[in-house]
Amino acid sequence: MLELRTVTAGYDRRTPVVRDATLTVTAGEAVGLLGPSGCGKSTLARVAALLHRPDAGEVVLDGIPVHHYRHRAPRDRRTAVGVVFQQPRLSADPRLRLTDLIAEPLRATGRRSSVPGRVAELAETVGLTPDLLTRRPHEVSDGQLQRACVARALVLRPRWLICDEMTAMLDASTTAALVRVVEDYRTDTGAGLLAVGHDRTLLNRWCDRTVHWDTVTASAAKTLA
Ligand code: ADP
Ligand code: ADP
């Protein structure tokens, strides 16, 4: 289970962006988190992806609390969670060819020998041709770059996947293709998914259940009332 327990987080302690958020994703489950722009979804997604330390509350992965690490969570915890952001151009190193972008987490964790096979396999999965793999981010479309970002998120076979507005910049056919990739991965591996977004129709179609931001942070609303 991926558990967020009464998480409070933000960018300055006096004005938290997320207050007392509680949310659980069970292994194999797809949970949609729905809310208006600016409410704090991305911040909570970064907390769940172990990229942002909460000011209070707990992040628990399969029973092990992981929120308290001073800086980054240890490698085996970080690699347990894959993450895809809304804007591929902000999350992709502009200097890397797509093939190296996808391979980066393998190299960073000392798995060089599996790079060629794994990159080829994932390129096919996400629909990137060998020609596209040799290009740099500015030489491909947003959709092609997001395909590479999804491949990178899956390359270490994470048990949890966080998709933060993954399809907001994409056309309908790329959206459908990448949702399919994530769903196939989830079916094959039993990974859990947290899909964050503002599109109710998409999240309802994609996920087993969809929770609204106000429900997730209900205890905070009650306290303030
Ligand atoms: P959402 O994903 O729901 O649109 P965000 O988590 O991105 O919401 O943002 C919630 C609030 O936090 C907004 O008011 C935003 O301006 C603020 N915020 C987001 N990122 C930062 C940051 N790096 N530094 C300071 N404030 C931020
Ligand atoms: P805090 O500084 O409050 O602990 P931060 O959000 O600044 O929380 O990030 C915690 C740690 O995660 C920092 O050491 C930072 O370098 C690292 N980190 C933040 N964003 C990323 C990212 N996108 N990829 C890898 N590490 C990141």
Side-chain angles (χ1 to χ4, degrees), residues 2-25 29-61 66-73 78 81-94 142-143 145-146 149-150 152-153 158 160-171 174-175 178-179 182 192-225:
L2 167 61
E3 296 170 84
L4 301 169
R5 298 181 185 162
T6 57
V7 163
T8 293
Y11 304 90
D12 117 48
R13 273 179 176 273
R14 280 161 307 172
T15 49
V17 168
V18 176
R19 290 172 208 259
D20 281 344
T22 296
L23 178 63
T24 298
V25 185
E29 187 185 28
V31 175
L33 174 59
L34 188 67
S37 177
C39 70
K41 302 184 299 299
S42 290
T43 305
L44 192 62
R46 284 171 44 79
V47 169
L50 312 182
L51 295 174
H52 187 95
R53 201 159 51 87
D55 296 321
E58 301 183 311
V59 182
V60 183
L61 275 189
V66 292
H67 55 278
H68 56 266
Y69 295 110
R70 185 65 192 86
H71 291 293
R72 295 187 194 186
R78 269 188 291 130
V81 186
V83 60
V84 185
F85 298 102
Q86 172 173 0
Q87 290 182 297
R89 283 182 203 285
L90 294 183
S91 55
D93 186 331
D142 282 341
L145 187 54
Q146 193 66 306
C149 289
V150 170
R152 182 180 53 177
W160 309 99
L161 199 58
I162 317 281
C163 296
D164 181 7
E165 296 275 15
M166 175 181 81
T167 64
M169 313 267 289
L170 308 179
D171 62 29
T174 311
T175 294
L178 288 183
V179 168
V182 169
L193 167 74
L194 179 62
V196 174
H198 66 278
D199 183 339
R200 181 184 298 270
T201 312
L202 174 73
L203 290 185
N204 281 343
R205 199 159 14 98
W206 182 358
C207 298
D208 301 320
R209 65 188 171 94
T210 302
V211 293
H212 195 274
W213 183 258
D214 293 343
T215 322
V216 169
T217 57
S219 58
K222 271 180 229 134
T223 312
L224 293 172

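Counting starts at 1 for both ligands and their atoms, in listed order.
- Taking both residues in full, the closest heavy atoms of Glu29 and Thr24 are given as OE1-O, 4.0 Å, listed atom of the first, atom of the second, then distance.
- Of all atoms in ligand 1, numbered sequentially from 1 with element shown, those under 4.0 Å from a heavy atom of Ser37 are 4 (O).
- Closer than 4.0 Å to atom 19 (C) of ligand 1 lies at least one heavy atom of the protein.
- Annotation: atom 7 (O) of ligand 1 to nearest protein heavy atom, Ser42 CB, 3.5 Å.
- Under the side chain to side chain contact (heavy atoms under 4.5 Å, CB included) rule, Ile162 has a single partner from Leu44, Leu51, Val47, Val81, which is Val81.
- Residue-ligand proximity, Pro36 to ligand 1, at heavy-atom distances under 4.0 Å covers atoms 3 (O).
- Met166 pairs in a side chain to side chain contact (heavy atoms under 4.5 Å, CB included) with only one of the listed residues (Thr175, Val150, Leu202, Val83), which is Val150.
- Thr8 and Asp55 share no side-chain donor-acceptor pair at under 3.5 Å.
- Taking 4.5 Å as the limit, some side-chain heavy atom of Val18 sits within range of a side-chain heavy atom of Trp213.
- Looking at Val17 next to ligand 1, no N or O pair under 3.5 Å apart turns up.
- Within the 4.0 Å heavy-atom cutoff, Gly35 does not count among the residues contacting ligand 1.
- The pair Asp164-Lys41 does not meet the salt-bridge criterion, since no charged nitrogen lies less than 4.0 angstrom from a carboxylate oxygen.
- Here the heavy atom of the protein found nearest to atom 8 (O) of ligand 1 is Gly40 N, 3.1 Å.
- Within ligand 1, the atoms closer than 4.0 Å to a non-hydrogen atom of Thr43 are 5 (P), 6 (O), numbered from 1 in the order shown.
- Residue contact annotation: Gly10 has no non-hydrogen atom under 4.0 Å from ligand 1.
- For atom 16 (O) of ligand 1, the nearest protein heavy atom is 4.0 Å or more away.
- The two residues Phe85 and Gln146 have their closest heavy-atom pair at O-NE2, 2.8 Å.
- In terms of protein heavy-atom proximity, atom 13 (C) of ligand 1 is nearest to Gly38 O, 3.8 Å.
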